[in-house]
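Remember, it's 1-based here, ligands and their atoms both numbered in the order they're listed. Not measured: the values here are computed from a predicted model. All values below were derived from every heavy atom in this structure, side-chain atoms included, with hydrogens, water molecules and symmetry-related copies excluded.
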Amino acid sequence: MPEPVLDATVSHLRLEARIGGYEAADRNRDAIERVYDAAATLIGCRQEEIAVIENATRAWDMAFYSIPFEPGDRILTAMAEYASNYIAYLQVARKTGVNVEVVPNDEHGQISVEALRGMIDEDVRLISLTHVPTNGGLVNPAAAVGEVAREAGVLYLLDACQSVGQLPIDVEEIGCDMLSATGRKYLRGPRGTGFLYVRGEVLEDLEPPFLDLHAASWTARDRFEVRPDARRFENWETNYAGKVGLGVAVDYTLRWGVETIRVRVQYLAERLRARLNGIPDVTVRDLGAEQCGIVTFTVEGKPPQTVVRALSGQGINTSVSPPDSTLLDMESRDLEGLVRASVHYYNSEEEVETFCETLESVLSKA
Ligand SMILES: Cc1ncc(COP(=O)(O)O)c(C=O)c1O
């Protein structure tokens with residue numbers, strides 16, 4: 001987290017401790033509300049179309065579980081789909097009799113837009129895509145998918161958890177109806193924060209799976225009314241310090257400029273991939289015609305856990321992408337796990353070099 005994000009988050013917590021939770025929320029109302037405008041500016045929508053939710057997973061869930069599926073409906077998704085999303089498809093398939101179908105990849109390893117177009121018929125209820133998968137640098141062609149969705153008049157849900165903050169996102173250009181994002185990744189916000197975008201035109205048709213006195217009002221003994229805006233997907237009690245922090249994190253991103261961030265991140269990631277490609281026994285695994293700041297690789301004869309542990313011992317944070325986080329993709333590529341090393345704009349060329357030298361050194365010893 002950048003200092004301003006940390007300061008704003010901690011200051012709000014201190015205010016809560018000093019004057020009380022409700023009182024702090026009243027006093028800091030503008031900073032709390034700022035997150036809606038900031039997120040709307042970031043992705044090119046109206047603030048009424050933003051809900052602030054505790055993470056990207058739950059934001060995505062609130063949209064997905066609101067869709068009134070019927071038996072025989074088809075959900076089209078892609079090979080690099082995230083486990084939590086796919087588990088939700090399977091659960092809904094079991095409960096309602098929808099069919100989950102996976103669009104094949106094209107020659108770049110990204111969703112084939114042509115194949116998607118060929119799969120459209122009147123039973124397709126949802127196209128659901130992960131923009132940047134959890135296990136690699138692939139950037140799925142979200143806008144080309146949006147074109148197909150619009151032509152077909154099909155709902156389009158985009159998991160932008162890993163792209164928001166590192167790639168410019170414009171929901172009009174992409175053509176998605178719903179989009180989920182997290183605070184804790186490329187936005188550099190506090191953990192336990194995220195947001196959901198739902199297009200105004202589809203809001204009315206999506207009744208959230210859970211409602212409370214914030215999402216709806218109790219208008220008579222036997223009646224309630226759901227809020228007209230995207231906050232129908234929120235709930236009443238929430239982490240206000242996190243909301244303040246997320247708003248500051250988005251503003252911080254906006255000040256740098258997302259296009260500037262994209263150029264810097266892609267430059268560093270390309271440099272890292274090029275350097276890793278030259279290390280014996282290391283194979284870079286990122287797919288896609290366009291690639292982003294998430295760099296994944298395997299080392300011949302060394303499980304990813306061993307590599308991550310060795311790097312951690314040298315003060316370098318990487319993580320393991322396990323096969324069951326993106327089962328379809330990992331099985332199709334016969335991968336048992338990946339080392340994931342993500343760069344951000346604050347990384348330097350020297351750090352990329354240090355990373356590779358350290359990797360070479362730990363591999364020569366291990
Ligand atoms: C593609 C994708 N979607 C969703 C998530 C979940 O995000 P959160 O931790 O904010 O729920 C992740 C986290 O790794 C992810 O990679």
Interfacing atoms of ligand 1 (cut-off 4.0 Å, heavy-atom, T182): 8 (P), 10 (O)
Ligand 1 to T130, heavy atom cutoff 4.0 Å, flagged ligand atoms 1 (C)
Kindly indicate whether the side chain of P303, heavy atoms from C-beta on, has any atom under 4.5 Å from the side chain of E336.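 A side-chain contact under 4.5 Å is absent here.
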Do any N/O atoms on T193 end up under 3.5 angstrom from N/O atoms on ligand 1?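 Checking ligand 1 against T193, no N or O pair falls under 3.5 Å apart.
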Would you say A56 and ligand 1 have an N/O pair spaced under 3.5 Å apart? yes
Of the protein's non-hydrogen atoms, which lies at the shortest distance from [atom], and what is that distance?
{"atom": "atom 4 (C) of ligand 1", "value": "Y82 CE2, 3.4 Å"}
{"atom": "atom 13 (C) of ligand 1", "value": "K185 NZ, 2.8 Å"}
{"atom": "atom 9 (O) of ligand 1", "value": "R184 NH2, 2.7 Å"}

Measure up the F297 and F355 rings against each other and bin them: parallel (under 30°), tilted (30 to 60°), perpendicular (over 60°).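 Perpendicular, since the angle between the ring planes exceeds 60°.
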Quick one: sort the Y345 and W256 rings into parallel, tilted or perpendicular, breaks at 30° and 60°. tilted
With a 6.0 Å cut-off on ring centres, are Y36 and F195 close enough? no
Do Y197 and W60 make the cut of ring centroids closer than 6.0 angstrom?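 Not close enough - the centres of the two rings lie 6.0 Å or further apart.
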Please report the C-alpha distance between L42 and V164 in whole Å, then the side-chain angles of each, then the deciding distance to 0.1 Å, and finally whether the side chain to side chain contact (heavy atoms under 4.5 Å, CB included) criterion is met. CA-CA 8 Å; L42 183 71; V164 164; 3.6 Å; yes
For P208 and M62, which heavy atoms make the closest approach, and how far apart are they? CB-CE, 4.0 Å
Using a 4.0 Å heavy-atom threshold (strictly under), name the region of D159 that reaches ligand 1: side chain, backbone, both or neither.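 D159 to ligand 1: side-chain contact only, backbone stays beyond 4.0 Å.
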Can you figure out which of V132, T57, I294, T134 has its heavy atom closest to atom 6 (C) of ligand 1? T57
